[in-house]
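To keep things clear, I will list the structure first and then write my remarks on it.
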Amino acid sequence: MTPEVKKRIEDINNGVVPEGYKRVGKKIIPENWECYKLGDLYVERNERGNDSLQILTVSIHTGVSDGELEEDDLGKKVKRSEDKSVYKHVYSGDVVFNMMRAWQGAIGVVTNEGMVSPAYISAIPNEKIYPMFMNYLLRSKDIIGQINDLSYGVTDFRKRLYWKSFIKVSCQLPSFVEQKKIASILITQDKLISLQEQKVESLKELKKAYLEKMFPKKGSKYPELRFKGFADAWEQCKLSSICKYISSSLTAKDIDENGKYDLYDANSLIGKTTKGCIEEDYITIIKDGAGVGRTRLLPAKSMFLGTMGALVPENSNLDFLYQLTIVADLSKECTGSTIPHIYFKDYGENKYCIPTQEEQQKIGVLLSKLDNLITLQQRKLEAEKKKKNALMQLLLTGKVRCVND
């Protein structure tokens, strides 16, 4: 980014109109960008579906699907009608939104012809817009904010965006040529994100496969996959015999009087206070409420709250013990219908097959390295997503231009 572009962005952020820009309401946009209402760019489409078309969905996270989802991926609340004529036929380039969740981001542009739920609204674009540019613009913070303001409902989860409100949403558009260039940049970034997501998922699948093969299946004392030199049966013992359990009565208000810290995120509490700290590396387990049974490996001197329990290894390897808690899936030990709980007095009595300390150490090191690799790739994924958000903020507002910069 050149010094001139940086200076322009700084000026616009400070409310100063740079050369070649104009003020439109509270916004500062390029002089050659035009202002529109969505009603100037779209007309509603109402066309019946048929049996030959795939059913598309609209997600708050990814917009319109590019194909039909499997039944298992649709979610419990999604019901497919046997009568395909009740669905709406949509074409590539159409915009589609879920009336009830548009305010959350359930809007996007169709990339493959299909049909959508009768609860969705679809619209046909005119020649002023490049559809894939609108796929990003309509999901931008500014547009979703307007959609939220224009949606009606007594409570958030009853809010609906009707056509008469959708057409009132305002936007600012560059030329058709610049729209295509902006869309191309963002599509390329999406492809990078997709590739990185595939890397993360591949590593997670590899980790899952290792866990399945490096720990004995139920009823067996021998894992399928072992390091060279190990052949003895694993010994069955109680969890309580290889670790000690530590509880805490600490609350968020013990750290901050406003109680702002996340009770379930021990990582966010590292170094905040000396209260409740454990002097050695340990495993924290959420013992009640949201995420109950979830485990995490934490370093010495970090702290945990009353919503958590801690397992400290005794006669066992820390990394191996952590992997064992994942294989054991302690969330299955939950009791309570309103607020689920797990108690060490119960799951601590469960018996698990354990190898020698030497084999534990080798298993722990291998799986820990794989966990670190997954974490590294996840961080790269988050960085690519942040880059996309930054690109959208700069390109869709005209702070950075594709035609001149």
Side-chain angles (χ1 to χ4, degrees), residues 27 37-39 41-42 44-45 55-81 87-88 90 93-112 114-123 125 129 131-172 183 186-187 189-190 193-194 197 262 264-265 290-291 381-382 384-393 395-397:
K27 298 177 181 178
K37 299 290 185 183
L38 291 184
L41 306 172
Y42 290 98
E44 189 172 6
R45 184 190 294 279
I55 300 173
L56 308 177
T57 59
V58 183
S59 163
I60 62 175
H61 302 294
T62 56
V64 181
S65 64
D66 57 6
E68 185 161 351
L69 300 181
E70 297 294 332
E71 291 284 353
D72 292 343
D73 296 326
L74 283 171
K76 294 179 180 178
K77 295 184 179 180
V78 177
K79 302 290 184 182
R80 280 190 171 131
S81 172
Y87 289 90
K88 294 181 177 180
V90 292
D94 285 0
V95 66
V96 176
F97 63 88
N98 181 337
M99 293 175 64
M100 294 180 288
R101 303 193 72 185
W103 62 277
Q104 293 177 296
I107 186 170
V109 170
V110 176
T111 55
N112 293 315
M115 56 185 174
V116 296
S117 164
Y120 296 170
I121 288 179
S122 60
I129 55 179
M132 293 315 298
F133 169 83
M134 295 303 292
N135 193 44
Y136 293 102
L137 185 65
L138 290 172
R139 295 172 58 76
S140 66
K141 185 177 179 180
D142 172 51
I143 299 297
I144 296 301
Q146 291 186 62
I147 286 174
N148 183 46
D149 293 339
L150 290 166
S151 296
Y152 297 94
V154 178
T155 63
D156 279 350
F157 287 97
R158 295 196 175 190
K159 289 169 74 169
R160 284 173 169 76
L161 178 70
Y162 296 96
W163 176 254
K164 65 180 181 180
S165 298
F166 171 79
I167 61 177
K168 295 178 182 178
V169 173
S170 62
C171 63
Q172 297 77 42
L186 295 175
I187 288 169
Q189 185 60 26
D190 270 338
I193 290 171
S194 179
E197 286 174 336
D262 184 351
Y264 298 106
D265 185 2
L381 174 59
E382 292 307 311
E384 293 296 347
K385 288 180 177 179
K386 286 181 180 179
K387 182 179 177 181
K388 176 187 172 180
N389 289 336
L391 285 170
M392 287 180 65
Q393 178 59 29
L395 296 173
L396 298 177
T397 59

Restricting to salt bridge (charged side-chain N to carboxylate O under 4.0 Å, His left out), what partner residues turn up for R160, sequence neighbours left out?
none
Qualifying residues under side chain to side chain donor-acceptor pair (under 3.5 Å), relative to K388, sequence neighbours excluded
D190
What's the spacing between L391 CG and L186 CG if we round to 0.5 Å?
6.0 Å
How about K387 and I193: do any of their side-chain heavy atoms sit closer than 4.5 Å?
no
When rounded to the nearest 0.5 Å, the distance separating CD1 of I60 from CD of Q104 is 5.0 Å
Flag, side chain of R101 to backbone of S59, donor-acceptor distance under 3.5 Å
no
Would you call Y136 and I187 a side-chain contact if the rule is heavy atoms closer than 4.5 Å?
yes
Does the side chain of N389 come within less than 4.5 Å of Q393's, by heavy atoms?
no
Side chain to side chain contact (heavy atoms under 4.5 Å, CB included) for W103 and D149? Distances and angles first, verdict last.
CA-CA 8 Å; W103 62 277; D149 293 339; over 6 Å; no
Shortest non-hydrogen separation from S122 to V90 and the atoms involved
CB-CG1, 3.6 Å
Side chains of P125 and D94: does their closest heavy-atom pair fall under 4.5 Å?
yes
To the nearest 0.5 angstrom, please state how far the CG atom of L137 sits from the CG atom of D142.
7.5 Å
Is it the case that the side chain of E384 and the backbone of Q189 share a donor-acceptor pair, with hydrogens and angles ignored and the cut-off at 3.5 Å?
no
Would you check, one step at a time, whether the test side chain to side chain contact (heavy atoms under 4.5 Å, CB included) holds for N135 with V64?
CA-CA 9 Å; N135 193 44; V64 181; 5.8 Å; no
Are side-chain heavy atoms of V110 and L56 found at a separation under 4.5 Å?
yes
For the residue pair K159 / N148, report whether a side-chain donor-acceptor contact shorter than 3.5 Å exists.
yes
Distance-minimising heavy-atom pair for K88 and Y120:
NZ-O, 2.6 Å
Distance in Å, I121 CD1 paired with R45 CZ, rounded so as to fall on 0.5 Å steps
14.0 Å
L396 and R139: side chain to side chain contact (heavy atoms under 4.5 Å, CB included), yes or no, with the steps?
CA-CA 11 Å; L396 298 177; R139 295 172 58 76; over 6 Å; no
May I ask you to test the I107-V95 pair for a side-chain heavy-atom distance under 4.5 Å?
yes
Closest approach of S151 and L161, non-hydrogen atoms and distance?
OG-CB, 3.7 Å
Anything under 3.5 Å between a donor and an acceptor, one on a side chain of residues 164-172, the other on a protein residue two or more places apart or in another chain? List them.
from	atom 1	to	atom 2	distance (Å)
S165	OG	L150	O	3.3
S170	OG	Q146	OE1	3.1
Q172	OE1	K27	NZ	3.3

